[in-house]
There are 2 protein chains.
Amino acid sequence: MSYQNTNLIKICLVEDDNIIREGFVMLLNENQGFKVVSAYNNCEDFLKNVQNDKPNVVLMDIELPGMNGIEGIERAKKIYPHAQIIVVTVYENDDLVFKALCAGAGGYLTKNMPSQRLVEAIREIMSGGAPMSTNIARLVVASFQKNHNSPLSSRETEVLELLSRGKSYSNIAEGLFIDKETVRTHIKNIYWKLEVHSKAEAIEKAMKEKLI
Amino acid sequence: MSYQNTNLIKICLVEDDNIIREGFVMLLNENQGFKVVSAYNNCEDFLKNVQNDKPNVVLMDIELPGMNGIEGIERAKKIYPHAQIIVVTVYENDDLVFKALCAGAGGYLTKNMPSQRLVEAIREIMSGGAPMSTNIARLVVASFQKNHNSPLSSRETEVLELLSRGKSYSNIAEGLFIDKETVRTHIKNIYWKLEVHSKAEAIEKAMKEKLI
DNA sequence: TTTAAATACACCCAAATTGGGTGAGATTCG
DNA sequence: CGAATCTCACCCAATTTGGGTGTATTTAAA
């Protein structure tokens with residue numbers, strides 16, 4: 001008696017490990033209101049069918065044969081932007097987390113979680129949240145914070161900040177109500193401290209070390 | 001018999017509403033392992049004492065008489081970086097969230113939560129997490145994602161991306177294995193599409209509209 | 001299949017920007 | 001006090017930038 005399919009949360013899985021995938025299918029289908037509509041072991045097959053499957057939530061692995069999960073997220077978001085994608089992976093690599101989020105993931109779980117967390121996460125993302133493992137959340141929040149051991153003075157940081165927004169020396173001078181020559185001095189000192197010789201290098205190093 | 005003070009989580013409150021503040025004190029002190037070491041109704045007093053209080057966790061309001069919470073977080077992090085600061089506020093404003101995180105907040109809760117969530121949040125941040133209300137987490141994750149309705153082509157986006165990293169036309173040309181003149185053409189088209197006439201304007205608009 | 005968009009390249013020109021050098025007065029903070 | 005920071009000045013040459021106009025090939029949509 002499934003006379004309320006409209007309220008079902010339709011779930012799609014992309015996971016190459018058969019044991020894990022089948023485990024997830026069983027776990028999720030046990031839950032009231034969940035329906036696993038499809039399960040793939042690679043991105044290519046998933047992408048072919050996502051428009052027909054019309055999932056509300058996709059649980060996606062990153063390490064996959066063929067196309068990787070990041071690429072998969074990007075493409076899926078293009079052809080069916082409606083789906084909320086949660087990454088489920090063993091990788092806790094910083095880079096991968098941010099790449100996944102930039103690609104369009106709405107959540108990120110590491111596989112060392114109690115399986116019940118998966119169920120919560122799906123409810124969470126459907127009610128406007130962004131489920132993340134604790135360590136992932138910390139990574140994400142930390143990405144907003146600046147390096148406390150910056151070699152740059154606060155004025156220099158201010159100048160570099162504006163430089164990184166594409167402003168010219170004159171622009172910066174106007175913005176800070178100082179002379180263009182003073183800006184030049186600050187920039188010379190910034191270059192000396194960061195051991196670089198150009199705008200691009202300075203910005204690159206500053207971004208990398210979270211000075212701005 | 002408190003012969004294990006070292007394992008106690010020391011909590012400090014900064015909240016100007018007396019009712020709420022006293023409520024939090026009682027709620028938290030009821031919990032095993034929690035100890036509210038101090039409670040202030042403004043940032044100034046908090047900052048004077050934070051070094052003596054040595055809190056593990058600070059629950060901080062944003063809207064405060066005198067110095068606001070953002071400024072308070074920044075200063076507290078400078079004089080006592082060890083403390084984990086969780087913002088507890090009614091404001092859900094995008095800007096405020098990111099300012100708080102940039103200033104050094106390690107968590108962000110909105111006041112429309114069950115009070116038990118506060119207890120969980122403190123345990124969460126002490127075990128390496130970053131507690132956030134569902135809607136805040138969504139905001140944070142969404143901040144990594146790009147605008148899907150960009151007027152720019154993918155190549156143009158690529159060029160603007162590199163431009164925003166301070167690269168010169170020649171740098172960009174090298175990086176993309178195309179001629180400098182081609183880069184110039186792309187940039188002219190970018191300026192036309194974004195209705196701007198300079199690098200700085202283009203980057204500003206692109207950032208604002210999340211095109212890069 | 002015709003059209004429009006995207007991608008790539010070329011040459012002209014003048015103004016602005018950038019990076020490097022050197023020096024120097026004022027202020028602030030430990 | 002002294003080191004660091006912040007401010008401004010002048011010299012110089014190479015590079016960059018923004019605007020103009022024109023062309024050709026490829027790709028995607030109508």
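Residue numbers start from 1 in every chain, and the chains themselves are labelled A, B, ... in the order their sequence lines are given, proteins ahead of strands.
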Which pair of heavy atoms, one from C12(B) and one from D53(B), lies closest together, and at what distance?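 Taking every non-hydrogen atom into account, SG-OD2, 4.2 Å.
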Using modelled atom types only, decide if a donor and an acceptor are shared between the side chain of [X] and the backbone of [Y] within a distance under 3.5 Å.
X	Y	answer
N56(B)	K10(B)	yes
N93(B)	L96(B)	yes
S127(A)	R123(A)	yes
T134(A)	G128(B)	no

Side-chain N or O of T182(B) versus OP1/OP2 of dC9(C): is the shortest distance under 4.0 Å?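 So the side-chain polar atoms of T182(B) do come within 4.0 Å of the phosphate oxygens OP1 or OP2 of dC9(C), strictly under.
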Is the phosphate of dA8(C) approached by H186(B) (side-chain N or O, under 4.0 Å from OP1 or OP2)?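 Yes, because at least one side-chain N or O of H186(B) sits under 4.0 Å from OP1 or OP2 of dA8(C).
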Only distances under 3.5 Å count here; give the side-chain donor-acceptor pairs of residues 202-212 of chain B to other protein atoms, sequence neighbours excluded, each with its distance to 0.1 Å.
from    : atom 1 : to      : atom 2 : distance (Å)
K205(B) : NZ     : L194(B) : O      : 3.2
K210(B) : NZ     : S143(B) : O      : 2.7

Is there any salt bridge (charged side-chain N to carboxylate O under 4.0 Å, His left out) pair reaching into residues 157-176 of chain A, and which pairs are they, with sequence neighbours excluded?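 The answer is R155(A)-E158(A), E161(A)-R165(A).
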Applying salt bridge (charged side-chain N to carboxylate O under 4.0 Å, His left out), which residue pairs with at least one partner in residues 81-92 of chain A are found, sequence neighbours left out?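 Every candidate salt bridge (charged side-chain N to carboxylate O under 4.0 Å, His left out) pair involving residues 81-92 of chain A fails, so no pair, neighbours aside, qualifies.
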Between residues 149-157 of chain A and DNA chain D, which residues have a heavy-atom gap below 4.0 Å?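 Nucleic-acid contacts, sorted: S153(A), S154(A), R155(A).
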Does any residue of residues 171-179 of chain B have a heavy atom under 4.0 Å from DNA chain D, and if so, which ones, in number order?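 Within this stretch, nothing sits under 4.0 Å of the strand.
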From L109(B) CG over to I136(B) CD1, what is the distance, rounded to the nearest 0.5 angstrom?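 Spacing of CG (L109(B)) from CD1 (I136(B)) equals 8.5 Å.
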Side-chain donor-acceptor pair present, [X], [Y], cut-off under 3.5 Å:
X	Y	value
N42(A)	D45(A)	yes
R138(A)	N135(A)	no
S168(B)	N171(B)	yes
T89(A)	E63(A)	yes

Distances for protein N/O vs nucleotides 25-30 of chain C N/O pairs under 3.5 angstrom?
none

Sequence neighbours excluded, which residues qualify as ring-ring contact (aromatic ring centres under 6.0 Å, His included) partners of F144(A)?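 Applying ring-ring contact (aromatic ring centres under 6.0 Å, His included) to F144(A) gives F98(B).
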Within 6.0 Å of NZ in K180(A), more than 12 heavy atoms from elsewhere: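 For K180(A), atom NZ is not crowded (no more than 12 foreign heavy atoms under 6.0 Å).
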Proximity to DNA chain C (any heavy atom under 4.0 Å), residues of residues 201-212 of chain A only: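 Listed by number, there are none.
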I'd like to compare against my own output: the B/S/- annotation of nucleotides 17-30 of chain D with a strict under-4.0 Å heavy-atom distance to protein. SBBBB---------
Determine all donor-acceptor pairs shorter than 3.5 Å in which one atom belongs to a side chain in residues 77-85 of chain B; sequence neighbours excluded.
from   : atom 1 : to     : atom 2 : distance (Å)
K77(B) : NZ     : P81(B) : O      : 3.2
K77(B) : NZ     : A83(B) : O      : 2.9

Angle between the two end axes of the helix from dT1(C)-dA30(D) to dG30(C)-dC1(D), five base pairs per end, rounded to 10 degrees?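 Here the local axes at opposite ends form an angle of 80°.
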Determine which pairs satisfy ring pair (Phe, Tyr, Trp, His ring centres under 6.0 Å) with at least one residue from residues 180-212 of chain A, sequence neighbours left out, and list them in order.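 For residues 180-212 of chain A, and leaving out neighbouring residues, there are no ring pair (Phe, Tyr, Trp, His ring centres under 6.0 Å) pairs at all.
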